Each structure stands twice: as C-alpha cells, then as structure tokens.
Amino acid sequence: RRFLELLADRPNGGVAESHWESRVAAALVERGVQGLELQRWMDVPNWGAIRLDASVDAIRWAVEVDGHPDHFTSIGASKDAGRDLACDAIGWCVSRVTARRLEEAFDDAMAALVRVYERRCVDAGLPPYDPWR
C-alpha cells in the first residue's frame, strides 16, 4: 500500500534532468504542491516551443531550476528573461531558483516557491490553498 501511495504522489511528466530538479520536485510535492508535472513542453506565442522543468497547469505556474552555467552568462540570462516575459504575456508565472540558492538555503527556497504556489492558487480561486497551514 505504501508503495502505491508513493507512486501516486510522484509528479507527472518526464524525468527530471538534474539532481536539483529531482530534489526540488520532491520537496514541492512533500510540501503540498498538487498537480506538479515535470519536463512539460509548451508552445509560447512569439517565442516558440519551450520545456519547463516543472509546472502546475491549473494555476499557470512554472518552476525553473537553473544550475547549468549557461544560465549565468549574459546571453543565457537575457534568453531566460525574454522567455519568462513571453510566458508572462500569456498568463504564466515562471519562478526561477538557482543551484547556488538551493545549496545555501534549500528550505528557504522551497518555502518561497510554496508561497508563490499558494498565491497563484488564491488568485485562480482554486484549492489546495490552506490559509491555516
């Protein structure tokens, strides 16, 4: 029974592409984030096809785990900013967290992501927002 419960709690979608993506996804599910999907492909108008590290479609929220050095070059940062702006234009919120932040303060980073998730749930008028949690 426990095995089936664990399987049911796993995020949908593809396989995480990094250690940090796996840890973040597991931590978000553990903290009550529901509907999390990994490696979600999406076509963004005026941008093209993108792959989100993790997302909750019901509230149009994505989590990007930036660990690869390309994200920290001026070209990579500019590309990420443009992509996030294109997502924002269609109502998607992209929350980015860096590997360095995760290394330094994992629990704080997860708490911040959960607060964004809860805010998106409130804004969408959807459960599982629980103000007493």
Side-chain angles (χ1 to χ4, degrees):
R1 190 176 113 225
R2 179 73 180 132
F3 175 72
L4 293 175
E5 289 171 353
L6 288 171
L7 282 178
D9 285 344
R10 291 181 61 211
N12 293 323
V15 177
E17 290 189 345
S18 73
H19 167 72
W20 283 120
E21 287 179 25
S22 295
R23 284 203 54 203
V24 167
L28 291 175
V29 169
E30 180 181 295
R31 287 163 173 80
V33 172
Q34 296 181 11
L36 193 69
E37 181 178 340
L38 300 180
Q39 307 305 314
R40 191 233 198 265
W41 283 94
M42 183 167 75
D43 188 39
V44 179
N46 301 314
W47 188 264
I50 65 169
R51 185 195 44 78
L52 303 167
D53 293 337
S55 67
V56 178
D57 286 5
I59 58 171
R60 293 184 174 210
W61 179 54
V63 176
E64 287 292 299
V65 180
D66 294 342
H68 194 277
D70 285 350
H71 290 284
F72 308 107
T73 67
S74 60
I75 293 170
S78 177
K79 183 177 177 183
D80 287 343
R83 184 179 122 148
D84 293 350
L85 188 59
C87 288
D88 190 39
I90 60 169
W92 276 77
C93 169
V94 178
S95 298
R96 290 188 175 272
V97 63
T98 65
R100 182 174 181 155
R101 171 83 168 132
L102 295 170
E103 288 169 0
E104 293 174 352
F106 185 83
D107 288 333
D108 290 344
M110 293 304 95
L113 289 173
V114 169
R115 286 191 300 273
V116 174
Y117 166 75
E118 290 173 342
R119 177 82 255 163
R120 298 290 292 181
C121 287
V122 168
D123 291 348
L126 297 173
Y129 177 71
D130 180 0
W132 306 107
R133 188 163 55 147

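The first residue of the sequence shown is numbered 1, and numbering continues consecutively from there. All values reported here derive from a predicted model rather than from experimental measurement.
Side-chain atoms of Arg96 and Asp80, non-hydrogen and from C-beta on, do get closer than 4.5 Å to each other. Looking only at side-chain heavy atoms (C-beta outward), Val94 and Asp88 stay at 4.5 Å or farther from each other. In this structure the side chain of Glu21 reaches within 4.5 angstrom of the side chain of Gln39, judged on heavy atoms. Between Met42 and Cys87 the shortest side-chain heavy-atom distance falls below 4.5 Å. In this structure, Met110 and Glu30 have side chains that are not in contact, with every pair of non-hydrogen atoms separated by 4.5 Å or more. Side-chain contact between Ile90 and Pro45 is present, with heavy atoms from C-beta onward closer than 4.5 Å.
Between atom OG of residue Ser55 and atom CD of residue Glu64 there is a gap of 9.5 Å, rounded to the nearest 0.5 Å. Annotation: the span from Trp47 atom CH2 to Leu85 atom CG amounts to 9.0 Å, rounded to 0.5 Å. Atoms CG and CG, on Asp53 and Leu38 in that order, are 8.5 Å from each other to the nearest 0.5 Å.
A donor-acceptor pair under 3.5 Å links the side-chain atoms of Tyr117 to the main chain of Gln34, judged by distance alone.
For Ala81, the side chain to side chain contact (heavy atoms under 4.5 Å, CB included) criterion is met by no residue, not counting sequence neighbours. With sequence neighbours left out, Asp57 forms a salt bridge (charged side-chain N to carboxylate O under 4.0 Å, His left out) with Arg40. Residues that satisfy the side chain to side chain contact (heavy atoms under 4.5 Å, CB included) test with Arg101, not counting sequence neighbours, are Val97, Thr98, Ala105, Asp108, Ala109. Looking at residues two or more places apart in sequence or on another chain, you find a salt bridge (charged side-chain N to carboxylate O under 4.0 Å, His left out) between Asp107 and Arg31. Residues passing the side chain to side chain contact (heavy atoms under 4.5 Å, CB included) test with Arg60, sequence neighbours excluded: Trp92, Arg120. In this structure, the salt bridge (charged side-chain N to carboxylate O under 4.0 Å, His left out) partners of Glu104, at least two apart in sequence or on a different chain, are Arg100.
For the residue pair Ser95 and Trp61, a side-chain donor N or O sits within less than 3.5 Å of a side-chain acceptor on the partner.
Side-chain heavy atoms closer than 4.5 Å link hydrophobic residues (I, L, V, M, F, W, Y) into clusters, and following such links, even through other members, never connects Leu52 to Leu36.
Environment of CG in Asn46: sparse, with no more than 12 heavy atoms of neighbouring residues, nucleotides or ligands closer than 6.0 Å.
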Please report the C-alpha distance between Ile50 and Asp43 in whole Å, then the side-chain angles of each, then the deciding distance to 0.1 Å, and finally whether the side-chain contact (heavy atoms from CB on, under 4.5 Å) criterion is met.
CA-CA 6 Å; Ile50 65 169; Asp43 188 39; over 6 Å; no
